[in-house]
Protein chains: 2
Amino acid sequence: MVAMQSAETRYAKPVLVATNKLTGDESGLEALRNHALFNTLSGSDFQNLILQSRRLRLGHHQLLYRQDMPAHHFFFVMSGRLRLYRLDSSGIDRTLDSIAPGDCFAEVMIYADPARYACYAEALKSSEVLMIPVKAYQEMLDKNSDYAHAALRHYAQRAVSRFHDLEIMTVQNARDRLIRYLIDLLPNGAAEGGEVELPLPKCLVASRLAMQPETFSRILADLKSNGLVRVNRSKLFISDPKRLIEISQ
Amino acid sequence: MVAMQSAETRYAKPVLVATNKLTGDESGLEALRNHALFNTLSGSDFQNLILQSRRLRLGHHQLLYRQDMPAHHFFFVMSGRLRLYRLDSSGIDRTLDSIAPGDCFAEVMIYADPARYACYAEALKSSEVLMIPVKAYQEMLDKNSDYAHAALRHYAQRAVSRFHDLEIMTVQNARDRLIRYLIDLLPNGAAEGGEVELPLPKCLVASRLAMQPETFSRILADLKSNGLVRVNRSKLFISDPKRLIEISQ
DNA sequence: GGGATCTATTGATTTAGGTCAATATTCCGG
DNA sequence: CCGGAATATTGACCTAAATCAATAGATCCC
C-alpha cells in the first residue's frame, strides 16, 4: 500500500522552471566551495562553474525532477530538505533517500548515455537548490586530473553508502532495522549518545525501512517505554546507543 | 539467526597469498579488455597494467579479503563465482552481492583514504581472479581524461545499481521481493521470459532478500505449482514475466 | 561409489507485524 | 489564533512469515 499520496499525482506540472541567475558572489556558496566535489577546484574554475549554475526555489512538496527524465543538471542543496523516491509499476511510492543542506545529489546516473534521472526528487519543505550543468562540470574534469580523483572518491563513497543502506535492509525484523537506522543517524556512530532529528516524516522513515507507519510508531513507543529513546516530535534523544545495539542482538 | 556458518569462522588464515605473475599474453584477458573500465585504455597502458597484476586461484569458500582490511588491489573475475558480504556486531553474515566472471569488484571504496575493503569477499566455488594494483590504475587515470570519464561512468552505474537493489528491499512482502529479484535476473527485464540461474545458493538468496530459507523454498514451490516458474536445481525457467509482475501487484 | 556433510524441502506451530478502524496530534494557511 | 488537512498514535484482529523439527536431496572426498 501507499504510505502517502505520491507527488506524481499531486504535481503533474512541469518542473525546473523559475530560476535565478547567480552573480558568483552569493551568500551560501561557502558550503558549496567546501564540498568534496568542489574544494579542489581552482578559484577561476569554481567561479566559472557557478556562473553557469542557477539557484532554484522549491515549495513544499514541489517536484524537482522525475525518474527517467533526461538529466542535464545535478544539484546542491542550499537550504530545506528533499527526498529521493521511485515509483514502481503499481504506482507505489518508495522513499530511498533524504537530502540535507550541503549535500550534492542526482549525480549518480548523469554519466550514463543518455543521462537520465534514476529516481524522483521532491522538496519536503520549502528549499533552495543550486542547479549545476553536468556538461560544464565534465568539461572541467578534463582540465585537471585532481578534479577527477575527487569526483571518483565522491562516487565511490556514494556507492559504499548505498551498500551500507542495503545491509540494513537485509536485517529481518522491523525493530532491529529501525534501531540500526537510528544508530546510523548519530553523528559519531555508537560512540556516544545524542539527539538526532529524523530526516523524513515518520511515515516516510517507515516506508524507507519497509514497515508500516503503525509498526514504526509501536516500536518507537516501546523503545520509549524502556527508556532507550526520548521522543520529541521528529527529534529523538538516544542516551545509550550501546544498550540499543545490545537489545537488537 | 545465521543462515550459514560464516567464512570468518571457517577461515581465519591469511588471504592473498599464492599468486602467479602474468605474462601479458594470457588467455581470458579479452574479457578484461572489453570491460568498461579498460576498453578505453591504449594498448600500452593496458599491457602495463596487466604486467603489474597477478592471477589468483581461490578454492571453494576461500576468503579473498576481509572487511576493513587495507585495500591495495581491486579484482576482475576470470572464472568461478564470488560473494560479497558483511558481518555485523553479532556476527551475522549478510550476503549483499554476488560476482560473476567478467565483473570487476572491490573498486568502490579504494579511492577512500585510507583505502579499506567495505565488505568480505569469498569464492563460492573454485575461482580465478586477477588482482590489479589500485595505484597503477590511478596513475593511469592521470594520463588521459577519457580514462577518468570511463571510470566515473562505471562508478555512477554501480551506485545506481545499488540504489535499485535498495528499492527491492523496501518491498514489504517476501513473495514480491523474490519476484522482483527474479525479474531483475532476466537478461532483458520483463520483455520476454527465459532461463535464469540463481547467482547464489538458495539459502544465500534468501538471506540477500531478508527472508528465511524455508520461506524462500515455500514461495518458489508455490510459484512452481501455479505454473509461473519451472525449477531445476539453481536454474529457473520463467515463461511469462509479465504475469509474474501482475501477481506481485 | 558410498558414507559424511552440507543444502533444500515440507509440516506443525507460534509470533511479528500487517490491516482496518477510531482517535489524537501536529502542521499550515488564512 | 483558528480551523481544516495531513500525520501520528493506539487498539483489535488476522495473516504472512519466522521458528522448530524432521526428512530428503546434493555434493564432496577418500
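Throughout, a chain's letter reflects where its sequence line sits, starting with A, and its residues are numbered from 1.
For Arg162(A) and Asp97(A), the salt-bridge test passes: some basic side-chain N is under 4.0 Å from an acidic carboxylate O.
Here the P atom of nucleotide dA24(C) and the CZ atom of Arg218(A) are 17 Å apart, to the nearest Å. Remark: P of dT7(C) and CG of Leu200(B) are 12 Å apart, rounded to the nearest angstrom. At whole-Å resolution of the value, CG in Leu204(A) and C1' in dA8(D) are 12 Å apart. In this structure, Asn173(B) atom CG and dA18(D) atom C1' are separated by 15 Å, rounded to whole Å. Between Met211(B) atom CE and dG18(C) atom C1' the separation is 16 Å, expressed in whole Å. The distance from atom CZ of Arg177(B) to atom P of dA17(D) is 7 Å, rounded to the nearest whole Å. Atom pair Phe216(B):CZ and dT10(C):P shows a separation of 13 Å (rounding to whole Å applied). In this structure, Leu198(B) atom CG and dT9(C) atom C1' are separated by 15 Å, rounded to whole Å.
When all heavy atoms of Leu186(A) and Glu192(A) are compared, the pair lying nearest together is CD1-O, 3.9 Å. Considering all non-hydrogen atoms of both residues, Pro101(A) and Ser79(A) come closest at CG-CA, 4.0 Å.
In the set dT7(C), dG17(C), dT9(C), dT7(C) carries the atom at the smallest distance from any side-chain atom of His61(B). For Ser217(B), taking side-chain heavy atoms from C-beta onward, the closest of the listed nucleotides dG17(C), dG18(C), dT10(C) is dT10(C). Nearest nucleotide to the side chain of Pro201(A), out of dT19(D), dA8(D), dG11(D): dA8(D).
Remark: the backbone N or O of Asp176(B) is paired with a side-chain donor or acceptor of Asn173(B) at under 3.5 angstrom. Checking side-chain atoms of Ser127(A) against main-chain N and O of Arg81(A) turns up a donor-acceptor pair under 3.5 Å.
Side chains of Arg94(B) and Tyr120(B) form no contact here, defined as non-hydrogen atoms less than 4.5 Å apart. Contact check for Leu185(A) versus Glu197(A): no side-chain heavy atoms found under the 4.5 Å cut-off. Residues Tyr65(A) and Leu84(A) are in side-chain contact: their nearest non-hydrogen atoms beyond the backbone lie under 4.5 Å apart. For the pair His60(A)/Ser126(A), no side-chain contact is recorded, criterion being any heavy-atom separation below 4.5 Å from C-beta on.
Scanning atom types as modelled, no donor and acceptor separated by under 3.5 angstrom connect the side chain of Arg175(B) and the base of dT15(D).
Comparing the helix axis at one end of the helix from dG1(C)-dC30(D) to dG30(C)-dC1(D) with that at the other, each defined from 5 consecutive pairs, gives an inter-axis angle of 70° (nearest 10°).
Along DNA chain C, the nucleotide nearest to Lys224(B) and the one nearest to Leu124(A) differ in position, and the one closer to the 5' end is contacted by Lys224(B).
At the phosphate of dA17(D), neither OP1 nor OP2 sits under 4.0 Å from any side-chain N or O atom of Gln172(A). Lys125(A) has no side-chain polar atom (N or O) that falls below the 4.0 Å cut-off from OP1 or OP2 of dC28(C). For the OP1/OP2 pair of dG18(C) and a distance below 4.0 Å, the side-chain nitrogens and oxygens of Thr215(A) include at least one atom meeting the criterion.
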Reading nucleotides 21-30 of chain D 5' to 3', which nucleotides get B (base under 4.0 Å from a protein heavy atom), which S (sugar-phosphate only), which -?
-> ------S---
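With respect to Val77(A), the side-chain contact (heavy atoms from CB on, under 4.5 Å) criterion is satisfied by exactly one of Ile99(A), Leu130(A), Leu58(A): Ile99(A).
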